[in-house]
Amino acid sequence: MIDLASLAATAAAFFLVTVSPGPANIGCASVAMSLGRPAGLRFALGLALGLTFWGLLAATGMGAVLQASETALIGMKLLGAAYLLWLAYASARSATRPQKMDQATTGHGHWLWRGLLLNLTNPKAVFAWMAALAVGLDPTDGIAAVALATVICAGLGLVNYIAWAMLFSLDGVMALYARSRRAIDAAVAALFAIAGLGLIKSALSRAA
């Protein structure tokens, strides 16, 4: 029998982790306010697919295996750090441009894949799933409970990313971005750089 209280606890824990500002949400906001809703929603969908991938691994027990593997975690953190630093470079480069690039030249059709890559290289996604499932579920829960919790959390992740894309693609937000583009892009670059360097530091501390 599925315990609704356990499912609610799992969903609440996952929701709190998912809605908090992090590389994925910041990236979604940045894409939406700079390129508009279509690109933002594509990026959001890519993020959700990446998050769901880690959810499936966590639900099948592979997440625990990855979490216990020092080599895999260090490699994943370094890969994630490299991608975050690349995003920081791209945002910093955008901040130095005299004017915003036209949407037609940005290749926004690729934003789904960029969102997917961001969450596939995000080790925090693994820990978020493991923590959320551990909060609400225990070893006595059956496959149905784990599957339902995974579906609910994946749905919450999708709704969260869509909300960020919708909110930051509003006309007022995009107008604010147009007026303060350089400052906003510089701030986003700094946040990505801090997150990337934090992953490198974490990876090196594990390797030591």
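Side-chain atoms are counted along with the backbone in the values below, which use heavy atoms only and exclude waters and symmetry mates.
R42 contributes no side-chain N or O that, together with a main-chain N or O of H110, makes up a donor-acceptor pair within less than 3.5 Å. Between the side chain of S94 and the backbone N or O of A90 there is no donor-acceptor pair closer than 3.5 Å.
For the atom pair CG of L45 and CG of L158, the computed distance is 7.0 Å after rounding to the nearest 0.5 Å. Atoms OH and CG, on Y83 and L87 in that order, are 4.5 Å from each other to the nearest 0.5 Å. Distance CG/L116 to CH2/W111: 14.0 Å, rounded to 0.5 Å. Considering OG of S169 and CE of M174, their distance stands at 7.0 Å, rounded to 0.5 Å. Interatomic distance, CZ of F168 versus CG of L176, reported as 10.0 Å (0.5 Å rounding). For the atom pair CG (L191) and CD1 (I26), the distance works out to 4.5 Å, reported to the nearest 0.5 Å.
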Intermediate values then yes/no, side chain to side chain contact (heavy atoms under 4.5 Å, CB included), N119 and Y161: CA-CA 12 Å; N119 260 351; Y161 296 136; 3.1 Å; yes
Could you walk me through whether L41 and I162 pass the side chain to side chain contact (heavy atoms under 4.5 Å, CB included) check? CA-CA 6 Å; L41 289 175; I162 288 177; 4.1 Å; yes
Under the side chain to side chain contact (heavy atoms under 4.5 Å, CB included) rule, what do I194 and L84 come out as? Steps first, then yes or no, please. CA-CA 9 Å; I194 290 171; L84 287 173; over 6 Å; no
Go through the steps for M33 and L170 under the test side chain to side chain contact (heavy atoms under 4.5 Å, CB included), then give the verdict. CA-CA 8 Å; M33 65 183 170; L170 292 173; over 6 Å; no
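In terms of heavy-atom proximity, F43 sits nearest to G27 at CE2-C, 3.5 Å.
Every residue two or more places apart in sequence or in another chain that forms a side chain to side chain contact (heavy atoms under 4.5 Å, CB included) with Y89 is listed here: R93. With sequence neighbours excluded, no residue satisfies side-chain hydrogen bond (donor to acceptor under 3.5 Å, both in side chains) with S91.
For the pair N25/N160, a side-chain contact is recorded, criterion being any heavy-atom separation below 4.5 Å from C-beta on. The shortest side-chain heavy-atom distance between F14 and L51 falls under the 4.5 Å cut-off.
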